[in-house]
Amino acid sequence: MFENKKPLVIGDYNYPEPDLDEVVVKVGATGICRSDWHYWNGDWEWMGVVPTFPHILGHEMAGIVEQVGPDVRKFKKGDRVVVPFALGCGKCRPCSEGHQNVCENMIPFGFTCMGSFAEYASIPRADTNLALLPDSISFSTAASLGCRYMTSYHGVVDQIRLHPGESFAVFGAGGVGMAAIQIASSLGALPIAVDIDDNKLRMAEDMGAIATLNSSGMDVYEIADRINELTDGGADCTLDALGIASTCVPAILSLRQRGRHLQIGLTTGDQAGMTTLPTDVIVTKEIQFTGSFGMPPHRYRELLGLITSGKLHPEKLVTRKVALEEASSVLESMTSYNTMGTVVIDRF
Ligand SMILES: [Zn+2]
Ligand SMILES: [Zn+2]
């Protein structure tokens, strides 16, 4: 990437020898994500995350360790690994409390360092962040955990603690939303998909949605009324997977008293980090508003175990496997929200 919003260019880049705590990984597969699209658009300047050009995108990676730095103890050449995008330092207060995903000194892999739309990628802080990948899980399945699937898993299981039998309205049936629906369904909860695209709603049903709502042309109160009818008085939990007011506000209005809202979608350039919220409803219904950002690395063990035991199927979200050369056109199609599920660059 040489310029925001301009087609990606494939060229040669020589990685330096791994630093003390780094590993170099041969990329097996890497997801193409809306976060790549945000960065490519120059959306996150208000968060201080600005690319220096040339930059290599890609943060949803799995692959084989090729080379290890002198201080790396837990990994060796030939290990199959999956890489979380939020690389914690292992030393700050959140890290020492087990919340490496919100590290005070985080390195967002693929954003402030070179990413994985490449043959090889260099990963700092390897011992603190990487997880071994069981042989039974393919690189493309591991890449599809991405940021999206694991953020949904952490959000649904750890943050809002969705229970069996609870209703859960998911606003935005893209990668994050679709993952949340599948995870909620596997927990025995009752997910409802809300989107403006019938194709995505059909896929959401395949992932376990018990009902769907095409909200195109509806105002926020009409959407909330429909969710109220479908859940007999309001959803126990909601998710805004998009980060725009037209999904976040109706999600909150759709909650019952003491409902829990999960926010995963980040804002785009138009909002620049701010969204108007229905504050009075949050107060008078005692609603909880919770975020989810990535997943602490120690949670991979449970998540990967649920995949190997067949309880979770992230691979069902992979709608397309493409070559590295196609990454640019996939990003361009995201501008019109024209992609379904998860697209993965598969190198093996
Ligand atoms: Zn830290
Ligand atoms: Zn991502």
Side-chain angles (χ1 to χ4, degrees), residues 1 8 21 27 29-41 43-44 47 49 51 55-63 82-118 121 123-130 139-155 172 174-180 241-243 263-268 291-300 303 314 317-320 322 327 330-331 334 337 339-345:
M1 171 168 133
L8 306 185
D21 64 351
V27 178
T30 185
I32 306 176
C33 170
R34 185 153 294 279
S35 300
D36 297 309
W37 178 87
H38 278 297
Y39 204 50
W40 178 65
N41 262 276
D43 271 346
W44 290 344
M47 291 197 286
V49 188
H55 177 72
I56 300 172
L57 286 168
H59 58 279
E60 305 189 335
M61 183 185 66
V82 59
V83 179
F85 69 96
L87 302 173
C89 71
K91 296 177 183 128
C92 70
R93 183 168 169 179
C95 278
S96 62
E97 291 173 347
H99 306 297
Q100 297 88 342
N101 56 317
V102 288
C103 170
E104 289 173 4
N105 313 301
M106 181 197 303
I107 298 176
F109 173 63
F111 298 102
T112 59
C113 62
M114 293 296 193
S116 51
F117 289 3
I123 323 292
R125 302 172 170 177
D127 277 346
T128 306
N129 295 285
L130 263 57
F139 290 127
S140 66
T141 297
S144 77
L145 299 178
C147 61
R148 291 160 284 183
Y149 201 96
M150 68 173 181
T151 296
S152 281
Y153 186 78
H154 175 55
V176 161
M178 217 67 90
L242 289 180
Q263 186 66 36
I264 296 184
L266 291 163
T267 64
T268 56
S292 176
F293 185 74
M295 182 182 77
H298 56 86
R299 299 291 285 136
Y300 269 115
L303 175 56
L317 269 67
V318 179
T319 48
R320 243 179 104 198
V322 300
V330 174
L331 281 185
M334 282 182 168
Y337 291 86
T339 52
M340 278 252 288
T342 299
V343 181
V344 167
I345 300 171

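For the numbers below, each heavy atom of this structure counts, side chains included, while hydrogens, waters and symmetry mates do not. Every number for a ligand or one of its atoms is a count from 1 in the order of the listing.
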Legend entry - Expected output: side-chain H59 to main-chain V83 donor-acceptor under 3.5 Å: no

Legend entry - Check: Q263 side chain, G291 main-chain N or O, donor-acceptor pair, under 3.5 Å: no

Inset, instruction - For the Zn ion (ligand 2), count the protein N, O or S atoms found under 2.8 Å away. - result: 4

Legend entry - Short side-chain to backbone donor-acceptor contact, S96 and R93, under 3.5 Å: yes

Inset, instruction - Would you mind reporting whether L331 and I32 have side-chain heavy atoms less than 4.5 Å apart? - result: yes

Legend entry - Donor-acceptor contact present, side-chain N129 to main-chain R125, <3.5 Å: yes

Inset, instruction - Assess the pair Y300 and Y153: is the distance between their ring centroids shorter than 6.0 Å? - result: no

Legend entry - Expected output: side-chain H154 to main-chain S292 donor-acceptor under 3.5 Å: no

Legend entry - Side chain T342, main chain G175, donor-acceptor under 3.5 Å: no

Inset, instruction - Classify the angle between the aromatic ring planes of Y39 and F111 as parallel (below 30°), tilted (30 to 60°) or perpendicular (above 60°). - result: perpendicular

Legend entry - the Zn ion (ligand 1) neighbourhood, protein N/O/S only, threshold under 2.8 Å: C89 SG, C92 SG, C95 SG, C103 SG

